[in-house]
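Working notes, beginning with the structure itself.
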Amino acid sequence: MADIDNKDQAEMDPADMEDVEEVEEEETGEDENSKARQLTVQMMQNPQILAALQERLDGLNGSPSGYMESLPKVVKRRVNALKNLQVKCAHIEAKFYEEVHELERKYAALYQPLFDKRSDIVKAAYEPTDEECEWKADEEEELTDEMKEKAKLEEEKKDEEKEDPKGIPEFWLTVFKNVDLLSDMLQEHDEPILKHLQDIKVKFSDPGQPMSFTLEFHFEPNDFFTNTVLVKTYKMRSEPDENDPFSFDGPEIMCCTGCTIEWTKGKNVTLKTIKKKQKHKGRGTVRTVTKTVPNDSFFNFFTPPEVPENGDLDEDTEAVLAADFEIGHFIRERIVPRAVLYFTGEAIEDDDDDYDEEGEEADDEEGEEEADEENDPDYDPKKDATPPAECKQQ
């Protein structure tokens with residue numbers, strides 16, 4: 001604590017410095033420990049020193065303090081006993097999540113009739129009754145009877161002008177476009193295909209089987225592929241890693257498998273044909289070569305990278321799988337249960353409310369710093385200029 005930066009000392013009040021000096025100039029015959037204690041007390045009473053000390057301590061967060069090494073051997077033994085108890089806790093927690101999975105499977109069966117009815121309404125297999133369609137929105141509470149009647153007449157007029165649509169057109173496509181995580185995957189050539197998506201279902205593994213869940217994408221007959229259902233299965237594990245049991249934080253996805261899409265000839269949007277000119281080294285003649293290469297598409301979702309048996313992955317593959325797992329979880333936990341709210345946009349507003357405004361505050365602080373720099377007569381923007389990062393095409 002005695003090694004405080006000169007900068008911090010310079011920022012101290014002169015009177016405070018005198019107090020510290022008085023402690024340092026006490027009788028030379030005083031016990032060193034007593035002097036150190038007095039100096040510490042004096043320093044702790046100074047807000048500026050405390051702030052500087054706290055800043056240094058914050059920088060040490062997450063770093064080994066050396067405290068464990070300083071403990072007596074008998075205490076270390078007891079700490080090891082606590083760590084063994086913690087490992088047992090991790091195994092109990094793993095069993096807890098296994099039961100949660102069974103509970104999810106049980107309640108999925110209760111939800112499914114409602115989801116089936118939702119699907120029937122979307123694809124026009126069922127027309128809901130007037131009673132089922134009655135919904136009192138919050139904003140309608142403030143409308144007068146005259147305004148309600150006027151709105152009703154306008155709605156009826158619009159319906160007369162348009163041909164009667166079946167079900168809820170482009171329901172799932174709209175959901176996808178409203179969710180950033182999914183819309184980032186969508187390409188323009190995917191949209192005509194997703195207009196034929198009628199339902200997404202979640203199926204859990206059977207009792208006694210390894211933990212997994214399957215996403216089923218149900219399509220009506222279309223001109224793009226002959227499959228009626230596209231599936232994606234995620235296999236999970238709920239058990240601590242023997243080599244690192246303390247890292248356990250609930251079930252983790254171990255791997256996922258997709259399915260083969262039976263594309264109609266010429267309709268495969270996951271591939272594209274390019275023409276490339278090649279020049280002969282000797283004769284100098286030029287020829288045009290046609291090649292088929294992968295194409296960006298949402299439907300690449302059904303051909304994820306394979307995880308080798310040893311589990312070793314390169315960084316790119318690991319990043320792709322991490323994003324894939326996040327999407328799979330999001331579809332299972334949020335999209336399927338609350339699809340209508342993502343269709344209307346209400347769930348998106350709720351998701352936005354989950355985030356605080358730290359980013360905005362940070363931007364404001366950054367703006368203030370930039371303003372301070374601009375007002376500084378010694379500030380040279382050229383010195384801080386950094387070359388833009390190279391743009392890489394994905």
Side-chain angles (χ1 to χ4, degrees), residues 101-102 104-109 111-120 122-123 125 171-173 175-176 179 181-187 189-238 251-264 267-271 294-308 317 320-339 342:
H101 184 74
E102 289 300 312
E104 284 184 309
R105 188 183 59 78
K106 172 185 174 182
Y107 276 86
Y111 286 127
Q112 198 54 52
L114 302 178
F115 294 156
D116 289 341
K117 194 166 188 177
R118 176 181 71 187
S119 177
D120 289 341
V122 167
K123 62 186 181 184
F171 177 82
W172 289 101
L173 173 59
V175 170
F176 277 41
V179 178
L181 192 63
L182 301 178
S183 65
D184 289 343
M185 302 168 63
L186 288 184
Q187 306 298 321
H189 47 252
D190 294 325
E191 295 188 15
I193 308 175
L194 287 172
K195 289 180 180 179
H196 298 283
L197 179 59
Q198 294 183 312
D199 196 15
I200 303 177
K201 295 181 179 181
V202 179
K203 297 291 180 69
F204 292 90
S205 53
D206 294 331
Q209 296 297 315
M211 290 177 64
S212 68
F213 67 92
T214 298
L215 301 176
E216 296 182 351
F217 293 72
H218 292 252
F219 287 84
E220 65 182 353
N222 60 80
D223 297 333
F224 299 93
F225 46 71
T226 57
N227 311 65
T228 56
V229 182
L230 301 181
V231 298
K232 181 80 170 283
T233 299
Y234 291 87
K235 296 180 180 179
M236 300 185 294
R237 181 182 69 178
S238 181
E252 58 179 331
I253 295 177
M254 302 305 298
C255 64
C256 57
T257 55
C259 66
T260 301
I261 303 178
E262 304 295 341
W263 293 100
T264 304
K267 298 289 187 178
N268 188 348
V269 295
T270 65
L271 298 174
N295 192 27
D296 290 337
S297 169
F298 165 76
F299 291 91
N300 290 324
F301 180 67
F302 298 97
T303 53
E306 293 185 7
V307 178
T317 303
V320 170
L321 283 175
D324 187 290
F325 295 167
E326 181 183 1
I327 293 165
H329 265 304
F330 194 79
I331 293 174
R332 164 197 161 187
E333 295 180 356
R334 304 296 290 272
I335 298 296
V336 172
R338 310 178 72 199
Y342 284 99

*Ion pair check, Lys201 and Asp116, cut-off under 4.0 Å*: yes
*Could you tell me the separation between the CD1 atom of Ile193 and the CD atom of Glu191, rounded to the nearest 0.5 Å?*
10.5 Å
*Taking atom NZ of Lys123 and atom CZ of Phe171, what is their separation to the nearest 0.5 Å?*
13.0 Å
_Atom pair CZ/CH2 of Phe219 and Trp172 - distance to nearest 0.5 Å_ = 11.0 Å
*Can you name the nearest heavy-atom pair linking Ile327 to Phe301, along with the distance?*
CG2-CE1, 3.8 Å
*Would you name the heavy atoms of Arg332 and Pro337 that are closest together and state the gap between them?*
O-CD, 3.4 Å
*Between Leu186 and Leu194, is any pair of side-chain heavy atoms under 4.5 Å apart?*
yes
Using residues 221-231 as the side-chain source, report each donor-acceptor pair under 3.5 Å to any protein atom, sequence neighbours left out, with the distance given to one decimal.
from   : atom 1 : to     : atom 2 : distance (Å)
Asn222 : OD1    : Phe224 : N      : 2.8
Asn222 : OD1    : Phe225 : N      : 3.1
Asn222 : ND2    : Glu220 : O      : 3.0
Asn227 : OD1    : Glu262 : N      : 2.7
Asn227 : ND2    : Thr260 : O      : 3.1

*Search all heavy atoms of Tyr234 against all heavy atoms of Gly328 and return the closest pair with its distance.*
OH-CA, 3.5 Å
_Mutual orientation of the aromatic rings belonging to Phe298 and Phe302 [parallel < 30°, tilted 30-60°, perpendicular > 60°]_ = perpendicular
*Test side-chain contact (heavy atoms from CB on, under 4.5 Å) on Ile331 and Leu182 and set out the steps.*
CA-CA 9 Å; Ile331 293 174; Leu182 301 178; 4.2 Å; yes
*Locate the shortest heavy-atom distance separating Cys256 from Lys232; write the atom from each residue and the value.*
SG-CE, 3.8 Å
_For the OG1 atom of Thr270 and the CG atom of Asp296, what is their distance to the nearest 0.5 Å?_
10.5 Å
_Among Arg105, Lys235, His101, exactly one meets side chain to side chain donor-acceptor pair (under 3.5 Å) together with Ser205. Which residue is that?_
His101
*How far does CG of Leu114 sit from OG of Ser119, to the nearest 0.5 angstrom?*
12.5 Å
_Side-chain touch Val336/Arg118, heavy atoms, less than 4.5 angstrom_ = yes
*Under a 4.5 Å cut-off applied to non-hydrogen side-chain atoms, are Thr214 and Val202 in contact?*
no
*asked:* With a 3.5 Å distance limit and no angle check, can you tell me whether Asn295 reaches the backbone of Val269 through a side-chain donor-acceptor pair?
replied: yes
*Would you name the heavy atoms of Leu197 and His218 that are closest together and state the gap between them?*
CD1-O, 3.3 Å
*Where do Pro305 and Thr317 come nearest, in terms of heavy atoms and distance?*
CB-CG2, 3.7 Å
*asked:* With a 4.5 Å cut-off on side-chain heavy atoms, are Phe330 and Ile335 touching?
replied: yes
*asked:* Ring-plane angle category for Phe213 and His329, please: parallel below 30°, perpendicular beyond 60°, tilted otherwise.
replied: tilted
_Euclidean distance, Lys267 NZ relative to His189 NE2, rounded to 0.5 Å_ = 13.0 Å
